[in-house]
Structure formats: structure tokens, C-alpha cells
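Inspection log for the structure reproduced underneath, given as C-alpha cells.
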Amino acid sequence: MFGLSDETSWMKLFRNSHQINALKRIQNILKQKQKEGDIIYPPQTEILRAFEMCDFNNVKVVIVGQDPYHGEGEANGMAFSVNEGLKIPPSLRNIFKEIEDEFSCEPLQTGDLSNWASQGVFLLNTILTVEKDQPLSHQGIGWQAFTNYCVAEISEKHEKMIFLLWGNNANQLNQYIDETKHIILSSVHPSPLAAHKGFFGNNHFKKANKMLRKMGKEPIDWTLL
């Protein structure tokens, strides 16, 4: 469904929880919208790409975004990520600036975050589709209930996860995370309107790696793109 293999641990989790029915309802809504002429991003086979790239059993860090980029060709199914060769969007550029400052590394050149995902970073948007040039246009079709469930399942079934929650939208997920088991690092959003109010200098990437080492887990190479 949506390009995600039936063999992944995510799909097994969804089947066991009846979330497959929720996904089917959303899929039918999207098909109807496309019949009516709506242009929807990302492509249907990439809607669950964050799940494909970071299997449930491999999650170490969760980064939460809002909804996909709404420009042509930008959204690729992972929060904040864009495909190789595309211009890096402003929020992601600010994320990169923070990483470059924390690790004193060379400027990061690609917006494709697949390497983060392959290391165990789950890049989850709270809403997984959007209509062309209309941000938040799919906030009422059922995605939030589904992604809230995913966060709650990570919290319940895993130990010692790190959640990076940036901005008001992401911080609303606090209620689904057991803070006695997991670590939440919160700040304002990295958007140009807010980044200077507390995102820059939050040291979330170094802090996350320090905590991963304490847990006996391999840290994330945030400079690997």
C-alpha cells in the first residue's frame, strides 16, 4: 500500500492494529481528489517512504515535520527532505546551518535525507500528503490520527527513543510519548520566521548523539548526506 512492502515490520504493525483500514480510507479520498483534478504530492508510491526507509525495528531518533512541501517535485515522503538536485528549502537550510555550526563541518549540499533514515532517523510528517501550492490542504482527511498512532506505538513498544520536536505542531505529540522511557528535545521550528528564536544554538544533534552513546547505540552521522 502506498508503495510500502507488505513484509516490513510497519505493515505488520498496521495490520495488527486495523490501521490498514484507515490507510485504505485515506487512499480512497486521495483517488477521488485526483479524479476531481487535484494535483497531490508526493507521488502515491512515495507517501509512506519514511516508513520504507526506516523500519519500525530500526528507529533510534524521530524528527517530526508538519506536511510535505507543496511545490512541484519537492516532496519525497520524508519530513524536511527533498530529492537530489533540488534547491534546499529554507527550513532545511536552517537545519543544515545548525548542524554545520555544531560539528564545524563543510556546508551540506543535498537536501536528500535518505542517509539519515538509513541510520535510524524516522522523518515523519504529521500529515503525509498535500495539494499543489496549498499547504495544510490535507489536514482533515485522517492523516493526523494515523501518524499520532505511529508515534504512540514507537513510544509504547520501544525503549530509549529520542524525539526531536520543533515548533508548536510537533510539540503537540508530547501527549503520545512516555517521557519516563524516552527523551524529548524541543525547540521552536527551524523556519526562517522562528529559527533565530531558539532553534539556532539548540545543539539538538550533538545532544542526540551524546544520549545515543549513553544508551549504547551508534550515534547518527548528521553530516552524511
Side-chain angles (χ1 to χ4, degrees), residues 10 48-51 53-54 56 58-69 75-82 89-103 111 113 116-117 119-130 135-136 138-139 143-215 217 219-220 222:
W10 283 111
L48 296 184
R49 188 165 174 234
F51 300 80
M53 296 296 295
C54 186
F56 182 79
N58 298 332
V59 176
K60 294 192 289 190
V61 178
V62 180
I63 295 179
V64 179
Q66 184 169 269
D67 66 339
Y69 298 120
N76 67 6
M78 296 183 292
F80 295 107
S81 179
V82 293
S91 291
L92 183 56
R93 171 46 59 203
N94 286 339
I95 291 170
F96 284 177
K97 182 180 186 303
E98 177 60 23
I99 290 170
E100 291 157 13
D101 289 346
E102 289 185 30
F103 296 99
L113 304 182
W116 290 4
Q119 295 179 75
V121 181
F122 185 42
L123 297 160
L124 178 69
N125 279 318
T126 57
I127 303 164
L128 300 184
T129 56
V130 69
L136 294 176
H138 285 182
Q139 64 179 334
W143 280 128
Q144 287 101 320
F146 171 72
T147 54
N148 289 347
Y149 161 82
C150 293
V151 170
E153 285 297 290
I154 291 171
S155 176
E156 180 183 341
K157 292 187 167 60
H158 281 293
E159 300 290 334
K160 299 179 180 179
M161 295 287 105
I162 298 172
F163 293 83
L164 305 185
L165 305 183
W166 304 325
N168 293 333
N169 184 273
N171 275 289
Q172 290 176 10
L173 292 172
N174 279 347
Q175 61 188 301
Y176 302 104
I177 302 168
D178 183 349
E179 294 189 60
T180 67
K181 295 170 58 180
H182 307 294
I183 295 162
I184 297 175
L185 299 177
S186 299
S187 80
V188 299
H189 196 274
S191 75
L193 295 175
H196 64 285
K197 298 177 181 178
F199 181 80
F200 290 140
N202 65 19
N203 286 308
H204 278 186
F205 302 99
K206 274 193 170 181
K207 288 177 181 177
N209 278 356
K210 182 178 180 180
M211 293 167 186
L212 287 170
R213 289 188 187 97
K214 279 188 175 181
M215 298 170 187
K217 299 180 182 181
I220 306 299
W222 298 105

So which atom in [X] and which in [Y] form the shortest heavy-atom distance, rounded to 0.1 Å?
| X | Y | value |
| --- | --- | --- |
| V130 | Y69 | CG1-O, 3.6 Å |
| C54 | A117 | CB-O, 3.7 Å |
| S91 | H189 | OG-CE1, 3.6 Å |
| L92 | F80 | CD2-O, 3.1 Å |
| E156 | K181 | O-NZ, 2.8 Å |

May I ask you to test the [X]-[Y] pair for a side-chain heavy-atom distance under 4.5 Å?
| X | Y | answer |
| --- | --- | --- |
| F51 | L128 | yes |
| M53 | L123 | no |
| N76 | L113 | no |
| F163 | V64 | no |
| K60 | I220 | yes |
| V121 | W222 | yes |

Decide if atom [atom1] of [X] counts as having more than 12 heavy atoms of other residues, nucleotides or ligands within a radius under 6.0 Å.
| X | atom1 | value |
| --- | --- | --- |
| N168 | CG | no |
| K210 | NZ | no |
| K157 | NZ | yes |

For [Y], does its backbone N or O pair with a side-chain atom of [X] as donor and acceptor, under 3.5 Å?
| X | Y | value |
| --- | --- | --- |
| E98 | G201 | yes |
| N202 | F199 | yes |
| E102 | K206 | yes |
| H182 | S155 | yes |
| T126 | Q66 | yes |
| N94 | P190 | yes |

Rounded to the nearest 0.5 Å, what separates atom [atom1] in [X] from atom [atom2] in [Y]?
| X | Y | atom1 | atom2 | value |
| --- | --- | --- | --- | --- |
| S191 | I95 | OG | CD1 | 10.0 Å |
| I183 | I177 | CD1 | CD1 | 11.5 Å |
| L165 | N171 | CG | CG | 5.0 Å |
| L185 | F205 | CG | CZ | 10.0 Å |
| M211 | K207 | CE | NZ | 7.0 Å |
| S187 | F200 | OG | CZ | 10.5 Å |

For the pair F96 and W116, name the ring-plane relationship: parallel under 30°, tilted 30 to 60°, perpendicular over 60°. perpendicular
Against L124, only a single residue in I154, I63, V151, L173 fulfils side-chain contact (heavy atoms from CB on, under 4.5 Å); can you say which? V151
Go through the steps to decide whether H158 and F56 satisfy the test ring pair (Phe, Tyr, Trp, His ring centres under 6.0 Å), and finish with yes or no. CA-CA 9 Å; H158 281 293; F56 182 79; 4.6 Å; yes
Ring center gap for F122 and W10 short of 6.0 angstrom: yes
Please walk me through it: do Q139 and D67 pass side-chain contact (heavy atoms from CB on, under 4.5 Å)? CA-CA 8 Å; Q139 64 179 334; D67 66 339; over 6 Å; no
